[in-house]
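We count ligands from 1, going down the list as the structure has it; atoms in each ligand are counted the same way. Position 1 is the first residue of the sequence, and the numbers go up from there. Reckoned from all heavy atoms, side chains included, excluding hydrogens, waters and symmetry mates.
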Amino acid sequence: MDNNHFKDHVALVTGGASGIGLGIARKFVAAGATVIAVGRNKEKLQAAGSELGSRYIAEICDVTDEKRIMEISQFVRKSYGKLDVLVNNAGNARFVSPEQFDEKTFHFHFDVIVKGSMLFVKHFTPMLRESSNPSIINISSIAAGSNIIWPNHFLYSSAKLALEKYTQHLVRDLWGVRSNVIIPGLIDTPIWEAGLIEPLEGKSLSDTVNELLEAAKQTIPAGRIGVPDDIAECVLFLCSDQARYINGASIVIDGGMICSGLGLGL
Ligand code: NAD
């Protein structure tokens, strides 16, 4: 993507201060866009802002907080008058047994992945309609696929599947706004050390995660774990002028893990 492809474009990325979201923000800024990065962690947002400069606008916001989302939408309306790209990327993952989950773990997944995405669409669609090429990208996961049933992962995978179905409804309901889903495989980001995995006995968390990802490479025909740029490149393409006829697509980016029939043996 050339340096100016997204000049004068405004993109909002939830969870835009780390991992995949930061990777997407970085690429958009490099391609000339202004990015509204939404996140909860002030330090991470500030660090990203120092790296990416004045076209990275950090907004502290819990994506489940509708009042705050409305404040940000008013800010974007006042400052830019439109939004070209909305990326619903924020997400959380924990392993929890169907017999032991509680309301908190339910909301931890569904409120962020499903409700949060729906709220951003609700409040930003009027501004997306002011764009000449409006685009919504929702970030799902291979965990939502019918051929991957990881144990005790039902809250995360069902919330992601709901996000995919919701995206199809957007294609029907938001005439003129393109909505597509990206389905990442295993991507090396902080999510793996954010409470998803328990350390193996006698090992640190980061050694445990490294061991798990190393073993997972055997199931990925591309021969490596993904990196945020693998996802970000596709997001930018889907939002570009070249992709104006791509609407309602679900794109798996997993190095061939699903197609090969292999899977992470959790
Ligand atoms: P990450 O932990 O770096 O990013 C997740 C971001 O979501 C964080 O910045 C976090 O602060 C933010 N977030 C969570 N709850 C929030 C809330 N209530 N309000 C605001 N922000 C909130 O991990 P990542 O891997 O970059 O995850 C990005 C997306 O990709 C997630 O939706 C995740 O489910 C999805 N995904 C990741 C992988 C992977 O292997 N890393 C695979 C498939 C899908």
Side-chain angles (χ1 to χ4, degrees), residues 12-27 35-48 58-69 72 87-95 104-120 137-145 148 150 153 155-164 166-167 181-197 209-210 212-213 216-217 219-220 224-232 234-235 250-255 257-258 263-264 266:
L12 188 150
V13 183
T14 68
S18 75
I20 293 170
L22 177 57
I24 294 168
R26 212 177 252 136
K27 290 267 173 209
V35 172
I36 318 294
V38 166
R40 287 171 309 180
N41 188 310
K42 192 174 171 190
E43 287 74 34
K44 283 187 181 172
L45 284 165
Q46 277 173 345
E59 289 292 332
I60 295 173
C61 170
D62 186 312
V63 299
T64 66
D65 180 350
E66 185 167 16
K67 191 165 162 278
R68 181 74 189 115
I69 294 169
I72 296 173
V87 184
N88 285 309
N89 164 75
N92 289 319
R94 292 276 185 285
F95 290 100
K104 202 171 154 205
T105 46
F106 177 87
H107 291 300
F108 181 73
H109 292 86
F110 276 83
D111 285 10
V112 174
I113 294 167
V114 184
K115 184 178 108 174
S117 302
M118 291 179 175
L119 288 174
F120 273 89
I137 305 288
N138 290 330
I139 305 292
S140 182
S141 166
I142 53 167
I148 291 231
W150 289 328
H153 211 35
L155 282 175
Y156 179 78
S157 65
S158 353
K160 288 294 191 185
L161 191 54
L163 183 65
E164 291 184 26
Y166 170 62
T167 312
V181 171
I182 290 185
I183 304 176
L186 305 184
I187 311 296
D188 192 0
T189 73
I191 207 169
W192 293 94
E193 293 193 27
L196 175 61
I197 305 286
V209 169
N210 286 340
L212 182 96
L213 293 181
K217 282 187 196 166
T219 70
I220 302 172
R224 65 171 175 86
I225 300 296
V227 293
D229 276 2
D230 292 319
I231 308 302
C234 185
V235 171
S250 302
I251 300 182
V252 176
I253 305 178
D254 70 346
M257 187 177 169
I258 295 283
L264 180 60
L266 285 172

In terms of the angle between their ring planes, are His153 and Trp150 parallel, tilted or perpendicular, with boundaries placed at 30° and 60°? tilted

Backbone N or O of Ile139 within a donor-acceptor pair of the Lys160 side chain at under 3.5 Å? yes

If a pair satisfies side chain to side chain donor-acceptor pair (under 3.5 Å) and one of its residues is in residues 14-27, list it, with sequence neighbours excluded. Arg26-Glu51, Lys27-Glu233

State whether a side-chain donor-acceptor pair under 3.5 Å links Asn138 with Thr167. yes

Would the distance check show the side chain of Asn89 and the main-chain N or O of Gly15 forming a donor-acceptor pair, the cut-off being under 3.5 Å? yes

Are the side chain of Arg68 and the backbone of Ile60 linked by a donor-acceptor contact shorter than 3.5 Å? yes

Those residues with a heavy-atom separation under 4.0 Å from ligand 1 are Gly15, Ser18, Gly19, Ile20, Arg40, Cys61, Asp62, Val63, Asn89, Ala90, Gly91, Asn92, Val112, Ile139, Ser140, Ser141, Tyr156, Lys160, Pro184, Gly185, Leu186, Ile187, Thr189, Pro190, Ile191, Trp192

